Number of protein chains: 2
Amino acid sequence: MARQAQTATAVLGVLSIGPATGYEIRQAVANVLGHFWHESFGQIYPCLTELEADGLVLAAPGERANSRRYEITAAGRARLKMLLAEPPSPQPPRNGTLLRIFFGRAASPAELATVLDTQETEARARLATFAAIRAELATEAAYAEHVPYWSATIRAGELAAEAQLTWVAETRAALLPPATLPTS
Amino acid sequence: MARQAQTATAVLGVLSIGPATGYEIRQAVANVLGHFWHESFGQIYPCLTELEADGLVLAAPGERANSRRYEITAAGRARLKMLLAEPPSPQPPRNGTLLRIFFGRAASPAELATVLDTQETEARARLATFAAIRAELATEAAYAEHVPYWSATIRAGELAAEAQLTWVAETRAALLPPATLPTS
DNA sequence: CCAACCATGTAAGTTGTTACATGATTAA
DNA sequence: TTAATCATGTAACAACTTACATGGTTGG
């Protein structure tokens, strides 16, 4: 139960919204949720097999040959509720950018500037993606009950990205010699 | 080179500040840097052995029996500079809290409230820790050259924690029924 | 008909954690 | 003297990724 509990949570969660094939679960995880949670094929299929064996999901033959559409069972919903109530197992921090800044004295200013530029570009790209997702969410009437939760999730990403932009600006001013600024 | 490259960066980075035993490296990583980067014993010792074989660090007998104090070599500094210049390999997102919020419709409001409370407590604790580290940094004259970099790293943590507090407040208002508020 | 996509699954390999084994030193 | 801390290292295990193997379906 401890094993793959986190993957099971994600898979059951997706199925709690509606039936899906393994492929579609992967797609769902790769889209909105993908900005906060990652799963790969190699985990999803074995997990589905296990969940089926435990009676937490049911497989029906899909529209295509060899495809199976999974549905969550009542037991599956109960399990999901349990899993959601468990305290999230913290992922050990591994922030490559901050590792580079922390040991920044051993690097050259040009390298630090690149790190900060990349960080800024990525944060802006994420904000743009979130804006696009929000626009899409507004038109999806079918999932109206879920929208507040999805919106809250996206909001976390937006605030984190904004904090990152603030940090980049502050850090540029603090660590980079003014001469390297492109202005004037 | 790809293998354990990230661990090697952290280990060489610590040694670029001063000589240390494997145990001390672990300590260093567990303290300030530990809020942004994690390494375990099982990685550090084999990594040191490899680095020594590659001539990037030198081992001298330490003060205690069976202890070895490692020093970075010129080649080690050069390698560190290279590693710091490489783009950080992104860690796949696995935010347990956001996973729980995203599927929040399948959970009860009480469980959501707990998740948010935990998030808030953790963020506040982190801010307190960062304040303590800042106070300590101010008194350390020996590492004055590194302080701007360490300070920038801590600042990233502070901004992230503050963003998290903002998010918790917003999300409570958006997702939790007003009746569950403890006020009046 | 061919490319792109839908769809499932496995096997090998890498990475990282945890527990264990061992023992010296220091402070209470 | 006993607990905590310093110190190193390994072995087993768990988690996760990647590449591979396979084949159906749809649209241009």
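Sequence lines set the chain letters: A, B, ... in the order given, protein chains first and strands last, and positions in each chain run from 1. As the structure is a prediction and not an experimental result, all values here were calculated from the model.
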Task: Contact under 4.0 Å: B:Y45 side-chain N or O vs D:dG9 OP1/OP2 - done: no
- [ ] Take B:M82 and A:E111 through the side-chain contact (heavy atoms from CB on, under 4.5 Å) test and state the conclusion after the steps.
- [x] CA-CA 10 Å; B:M82 265 182 50; A:E111 281 152 13; over 6 Å; no
Got a list of protein N/O to nucleotides 17-19 of chain D N/O distances below 3.5 Å?
from: D:dT17; atom 1: OP1; to: A:H38; atom 2: NE2; distance (Å): 3.2
from: D:dT17; atom 1: OP2; to: A:S40; atom 2: OG; distance (Å): 3.1
from: D:dT17; atom 1: OP2; to: A:Q43; atom 2: OE1; distance (Å): 2.6

Task: Pair A:R69 + A:E24, salt bridge at N-O below 4.0 Å - done: yes
Distances for protein N/O vs nucleotides 21-26 of chain D N/O pairs under 3.5 angstrom?
from: D:dT25; atom 1: O4'; to: A:R64; atom 2: NH1; distance (Å): 3.4

Open item on the list: Tell me if the CD atom of A:E136 is crowded by more than 12 foreign heavy atoms within 6.0 Å.
Closed with: no
Task: A:L48 vs A:L15, side-chain contact (heavy atoms from CB on, under 4.5 Å): CA-CA, chis, key distance, verdict - done: CA-CA 11 Å; A:L48 280 169; A:L15 292 178; 4.3 Å; yes
- [ ] Nearest whole angstrom, please: distance from the P of D:dT5 to the CZ of B:R26.
- [x] 14 Å
Task: Integer-rounded Å distance: D:dG9 P and B:R68 CZ - done: 6 Å
Task: B:E39/A:R94 salt bridge by N-O under 4.0 Å criterion - done: yes
TODO: Specify the separation, in whole Å, of atom CD of B:E50 and atom P of C:dG16.
DONE: 12 Å
- [ ] Starting from C1' on C:dT18, measure out to CD1 on B:I44 and report it in whole angstrom.
- [x] 15 Å
Task: Exercise: identify the closest heavy-atom pair between B:L12 and B:L80 - done: O-CD2, 3.9 Å
Open item on the list: With a 3.5 Å distance limit and no angle check, can you tell me whether A:R26 reaches the backbone of A:G22 through a side-chain donor-acceptor pair?
Closed with: no
TODO: Quickly work out the B:Q91 CD to C:dG16 P distance and round it to whole Å.
DONE: 10 Å
Task: A:Q6 CD to C:dT17 P, straight-line distance once rounded to whole Å - done: 15 Å
- [ ] Answer yes if the side chains of A:E52 and A:T49 hold a donor-acceptor pair under 3.5 Å, and no otherwise.
- [x] no
- [ ] Report the distance from atom OH of B:Y70 to atom P of D:dC6, rounded to the nearest whole Å.
- [x] 18 Å
Open item on the list: Can you confirm if the aromatic rings of A:Y143 and A:W150 lie within a centre distance of less than 6.0 Å?
Closed with: yes
